[in-house]
Amino acid sequence: MYEPFNPPTRLLLGSGPSNADPRVLRAMSAPLIGQFDPEFTRLMDRVMALSRLTFRTENRRSFPVSGSSRSGLEAVMASLIEDGNRVVVGNFGRFGDLFCEIGRRCGATVESVDVEWGRIVEPDAIRASLRRQPAKLVAIVHADTSTGILQPLEEIARVCREYDALLVVDAVLSLGGCEVSADAWGLDACVAGLQKCLGGPSGMAPLTYNERVEAALRRRRGSPRTNYLDLLQLQDYWGPDRLNHHTAPTSMVYALHEALRIVEDEGLEAGWARHRRVNDALVAGLEAMGLELFGDRRHKAPMITLVRVPANVGEAAVRRQLLDEHGIEIMAAFGPLLGSVWRIGLMGYNARPENVLRLLAALEHVLAANGFDPPPRAGVRAAAAHLEARPRELQAAPR
Ligand SMILES: Cc1ncc(COP(=O)(O)O)c(C=O)c1O
C-alpha cells in the first residue's frame with residue numbers, strides 16, 4: 001500500500017511555478033461537466049473573452065492550448081512552419097534557444113540572432129537579418145526567465161511588418177506581470193502560461209493570434225505534422241462550431257477561467273503596479289544586504305530578479321537551507337550562469353509584500369550561516385522602507 005502524498009507547504013519564489021491563488025485551486029475542485037454541455041461551452045466563451053482582455057487584443061483567435069506553456073509555443077511554430085521556411089530567433093537566453101530548437105524540429109532553417117545573456121536584442125540586429133534574407137517569422141521571448149531581462153517589442157514588431165515577417169512572442173513569464181499589448185504593439189501571435197504571473201498551476205497555455213497568422217495557416221500546403229497542436233483544428237474546436245478535437249482538461253479550464261477573472265478583478269494596470277512595487281522592494285533589500293544583481297538594469301523584468309552568488313558562498317547550499325529550514329524555494333540558473341546566480345521570482349499570487357520580507361529575513365539568516373554576513377536587518381529594513389513609501393498599491397493586492 002502506498003501512502004497518500006501530503007506535499008509540504010512551500011513558498012515558491014523561483015522561476016515558476018509559483019504558488020497558485022487559493023481561488024484557482026478552489027475552482028479546480030468543482031464538479032466535472034461534459035465538454036459539449038452548454039454550461040461548458042459558455043465557460044469556453046468567457047475564457048476567450050477574458051484572454052482577449054488580458055492580452056489586450058481584439059483577436060478573434062484567443063484561446064488556450066491544453067498543455068504547459070511550451071505546448072502553446074509549439075502549436076504556433078508547428079502550425080506555421082513548413083519545411084525549409086526561414087525563421088529568425090531573437091535570442092537572449094534559454095527560451096530563445098527553445099524557440100530555435102522547436103523551429104528546427106518543425107523543419108525550418110533557423111537563424112539565431114544571439115546577444116550576450118543579460119542584454120536585450122537590438123531591433124537593428126533583426127532588421128539586418130531580414131534584410132539579408134526574408135523570413136516567414138521572427139520569434140522572440142518577451143521576458144526571459146533565464147536572464148531576468150524584459151525585451152522591448154514595439155520596434156521589432158515594426159521591423160517585422162516592414163519585411164513582411166510574422167512576429168511570434170513568448171509572453172509566458174510576462175503576461176499578467178507587466179504590460180503585454182498584443183494589438184497596440186503589433187504582435188502577430190503571443191503565447192503565455194498559467195503558472196507564473198497568472199497565479200495558477202502549470203497546464204494551460206493561453207494564446208492569441210491575428211488574421212495575418214490565420215491567413216498564413218490557411219495558405220500552408222498540407223497539414224502540420226502534429227494533430228494535437230494543429231492550430232486550425234484547435235480554433236475550430238474553440239470556435240462557434242466546437243468541432244471535436246481533444247477531450248478538454250475540464251479542471252484546468254476552470255483554473256484558467258478563475259485565474260483570468262482574478263486578473264480582471266484586480267485590473268491589469270493594478271496588477272502590473274503590484275509586481276513592480278514588490279519586485280523593486282526586493283531589489284532594494286538585496287542591494288542593502290550587499291548583494292549584486294545580474295543583467296542590464298534598464299531592462300530588468302519586474303517579476304524575476306537574478307542575483308549574483310557572493311564569492312565563497314555555496315550556491316546550492318544556500319538554496320537547500322532556504323528550502324529545508326524556511327520552506328522557501330528559489331532557483332538555480334541555467335547555462336553560463338549556472339552556479340553563479342540565483343533566480344528569485346515574485347509572480348502572480350506570490351507578488352505580495354509579506355513574501356518579500358519573509359524571503360529577505362530568511363536569506364539574511366542563511367547567508368550568515370554560509371560565510372556572508374550582511375548588515376543586520378538591512379535587507380528587511382530597505383524593503384520595508386520601499387513598501388512604506390508606496391502604500392497605495394498595497395491595498396490593490398488581491399485576497
Ligand atoms: C519564458 C519561458 N518560456 C517558456 C517556458 C516553457 O514553459 P513550460 O515549462 O510551462 O512548458 C518557460 C518555463 O519556465 C519560460 O520561463
Side-chain angles (χ1 to χ4, degrees), residues 12-20 24 55 64-78 89-103 105-106 112 115 117-121 138-153 167-180 187 189-208 226 228-229 249 252 255-256 259 275 279 294-295 299-306 329-335 337-338 341-348 350-351:
L12 303 177
L13 301 185
S15 51
S18 49
N19 296 85
V24 172
F55 280 113
V65 174
S66 305
S68 80
S69 324
R70 78 185 59 202
S71 71
L73 298 170
E74 200 156 335
V76 173
M77 300 286 277
V89 175
N91 190 347
F92 59 103
R94 159 81 184 88
F95 293 99
D97 291 344
L98 178 64
F99 262 141
C100 292
E101 202 215 306
I102 295 175
R105 285 185 185 224
C106 294
S112 182
V115 294
W117 283 29
R119 299 189 181 282
I120 59 162
V121 178
V138 172
I140 195 159
V141 178
H142 185 208
D144 199 306
T145 327
S146 65
T147 63
I149 294 294
L150 185 69
Q151 169 70 44
L153 294 172
L167 179 59
V168 176
V169 170
D170 169 342
V172 170
L173 174 60
S174 54
L175 191 74
C178 66
E179 181 176 4
V180 177
L187 316 182
C190 192
V191 179
L194 188 51
Q195 75 272 24
K196 302 198 195 262
C197 296
L198 294 180
S202 172
M204 282 306 241
L207 56 73
T208 185
T226 170
Y228 187 59
L229 299 176
M252 287 308 302
L256 176 60
H275 280 83
N279 278 274
F294 168 82
H299 297 291
K300 184 191 171 306
M303 64 289 293
I304 192 163
T305 300
L306 271 67
E329 178 182 82
I330 64 168
M331 233 62 147
F334 283 118
L337 302 182
L338 182 66
V341 160
W342 291 302
R343 297 183 298 153
I344 305 174
L346 290 163
M347 306 170 185
N350 281 351

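Just so you know, ligand 1 is whichever comes first in the structure, and atom 1 is the first atom listed for that ligand. Just the heavy atoms: all of them, side chains too, but no hydrogens, waters or symmetry mates, feed the values below.
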Among Ile120, Asp144, Ile304, find the residue that satisfies the side chain to side chain contact (heavy atoms under 4.5 Å, CB included) test when tested with Ile149.
Ile120

Per side chain to side chain contact (heavy atoms under 4.5 Å, CB included), Phe95 is matched among Val141, Val172, Thr147 by Val141

Side-chain donor or acceptor of Asn91 paired with backbone N/O of Gly93 under 3.5 Å
yes

dist Leu150:CG -> Met303:CE (nearest 0.5 Å) comes out at 6.5 Å

Ring pair (Phe, Tyr, Trp, His ring centres under 6.0 Å) against His142, all qualifying residues, sequence neighbours excluded:
Trp185

The reported gap from CG in Leu337 to CH2 in Trp117 (rounded to nearest 0.5 angstrom) is 5.5 Å

Select all protein residues for which some heavy-atom-to-ligand 1 distance is less than 4.0 Å, and list them by chain and number.
Ser68, Ser69, Arg70, Leu73, Phe95, Ala143, Thr145, Asp170, Val172, Gln195, Lys196

